[in-house]
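One-based numbering along the sequence shown.
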Amino acid sequence: MKIPTGQIALVTGANRGIGKQVAIELAKLGVYVLIGSRNPDDAEDCLEEVSKLGKGEILTIDVSKEQSLNTACDTILGSFKKLDILVNNAGIFVDSGKFLDSTVEDIQRTLAVNLYGPFRLIQMFLPLMMDKSYGRIVNVSSGMGQLSDMGSGYPAYRISKTAINALTCMTNVEAAGFNIKINSVCPGWVKTDMGGASATRSVEQGAETIVWAATLPNNGPTGKFFRDKKEISW
């Protein structure tokens, strides 16, 4: 895969799981990776792997906290003056399972991480991408958020992923004409702390389509929902 040189990527929640693997794969491609993590100590393993393959650094960021988002944005603008790739990967899953047992607090806590954080990061960096006429934004979603195949249970998580799909559609319209590709990706059921040991996919498989969407060519698709590099319904 050939991508423009000198690219800078921010991957949120990159200290473990799918985000860590995305950071590693982007580093392999020559992208300078900002390894987003709430606790920088938790991202040291990822930085070690990234440094073996390419270049990067840890960026302390808690996507649920406005001050943390502002500080991270200031750091990126001060050090690099651009951001080419944004992977909104950080997410939480706090539902107990049953709809009737779920609480407003569960929904608020989930949306703070899974929706509000990506929303604010796109607000911060989309104008910069538009100025440069280049950008790739990947919102890590889930089939559990598909309106076309909506199941029961886990309402906070499902609502957050339906909402981030709406965010993808909305911001794609905002970015039209600026060579910016904004897509949602469902990584599938992946063996991570969130997915559990019974999951059917490796982190490498979960990261593959995210990396693909983060490095799309100028004629690549935008405003779509993908799994395994194939478009799926909203």
Side-chain angles (χ1 to χ4, degrees), residues 8-27 31 33-47 49-50 56-73 75-76 83 85-95 106-126 136-145 154 156-168 171 182-196 199 203 206-207 209-211 213-214:
I8 309 297
L10 168 60
V11 183
T12 64
N15 54 291
R16 62 182 181 180
I18 295 171
K20 178 180 178 180
Q21 192 63 39
V22 168
I24 290 169
E25 298 299 331
L26 287 174
V31 177
V33 184
L34 300 173
I35 304 164
S37 177
R38 286 183 300 169
N39 184 343
D41 292 339
D42 293 341
E44 289 293 343
D45 287 346
C46 182
L47 178 60
E49 292 296 317
V50 163
E57 63 187 77
I58 297 168
L59 181 72
T60 303
I61 181 170
D62 182 340
V63 300
S64 68
K65 302 288 193 296
E66 181 71 14
Q67 183 175 348
S68 180
L69 291 169
N70 287 329
T71 300
C73 180
T75 298
I76 293 170
L83 187 70
I85 299 168
L86 171 62
V87 179
N88 285 312
N89 167 76
I92 60 172
F93 194 124
V94 301
D95 289 78
D106 288 339
I107 295 174
Q108 290 173 331
R109 181 181 171 197
T110 301
L111 290 178
V113 177
N114 295 7
L115 176 65
Y116 302 157
F119 174 82
R120 288 294 292 127
L121 284 171
I122 293 174
Q123 279 190 323
M124 290 173 178
F125 291 111
L126 184 58
R136 302 293 182 262
I137 298 173
V138 185
N139 293 322
V140 179
S141 186
S142 169
M144 290 179 71
Y154 308 104
Y157 188 77
R158 289 186 186 276
I159 289 168
S160 75
K161 294 306 181 181
T162 302
I164 203 167
N165 285 347
L167 181 65
T168 294
T171 52
I182 307 176
N183 293 292
S184 286
V185 171
C186 170
W189 190 19
V190 180
K191 294 181 189 296
T192 61
D193 290 349
M194 183 184 294
V203 289
T209 301
I210 297 171
V211 174

Under a 4.5 Å cut-off applied to non-hydrogen side-chain atoms, are [X] and [Y] in contact?
{"X": "Asn70", "Y": "Gln67", "value": "no"}
{"X": "Ile8", "Y": "Val31", "value": "no"}
{"X": "Phe93", "Y": "Met144", "value": "yes"}
{"X": "Val185", "Y": "Ser141", "value": "no"}
{"X": "Val211", "Y": "Leu26", "value": "yes"}
{"X": "Leu86", "Y": "Leu121", "value": "yes"}
{"X": "Val87", "Y": "Leu10", "value": "no"}
{"X": "Asn88", "Y": "Ile122", "value": "yes"}

Out of curiosity, [X] [atom1] to [Y] [atom2], how far, rounded to the nearest 0.5 Å?
{"X": "Thr71", "Y": "Ile76", "atom1": "OG1", "atom2": "CD1", "value": "11.0 Å"}
{"X": "Phe119", "Y": "Asn139", "atom1": "CZ", "atom2": "CG", "value": "12.0 Å"}
{"X": "Ile85", "Y": "Ile210", "atom1": "CD1", "atom2": "CD1", "value": "12.5 Å"}
{"X": "Asp95", "Y": "Thr110", "atom1": "CG", "atom2": "OG1", "value": "5.5 Å"}
{"X": "Lys20", "Y": "Glu25", "atom1": "NZ", "atom2": "CD", "value": "12.5 Å"}
{"X": "Thr209", "Y": "Asn183", "atom1": "OG1", "atom2": "CG", "value": "11.0 Å"}

What are the two closest non-hydrogen atoms of [X] and [Y], and how far apart are they?
{"X": "Ser68", "Y": "Thr60", "answer": "OG-O, 4.2 Å"}
{"X": "Met124", "Y": "Cys73", "answer": "SD-CB, 3.8 Å"}
{"X": "Ile35", "Y": "Cys46", "answer": "CG2-SG, 3.8 Å"}
{"X": "Ala163", "Y": "Leu115", "answer": "CB-CD2, 3.7 Å"}
{"X": "Ala156", "Y": "Asp106", "answer": "CB-O, 3.7 Å"}
{"X": "Val50", "Y": "Ala27", "answer": "CG1-CB, 3.8 Å"}

Arg120, CZ: over 12 other non-hydrogen atoms inside 6.0 angstrom: yes
Throw together a table of side-chain donor-acceptor distances under 3.5 angstrom for residues 36-43, partners on residues two or more places apart or in other chains.
from  : atom 1 : to    : atom 2 : distance (Å)
Ser37 : OG     : Asn39 : N      : 3.4
Ser37 : OG     : Asn39 : O      : 2.8
Asn39 : OD1    : Asp41 : N      : 3.0

Establish, from distance only, whether the side-chain atoms of [X] and [Y] form a donor-acceptor pair under 3.5 Å.
{"X": "Ser184", "Y": "Thr168", "result": "yes"}
{"X": "Ser160", "Y": "Asn114", "result": "yes"}
{"X": "Thr12", "Y": "Asn89", "result": "no"}

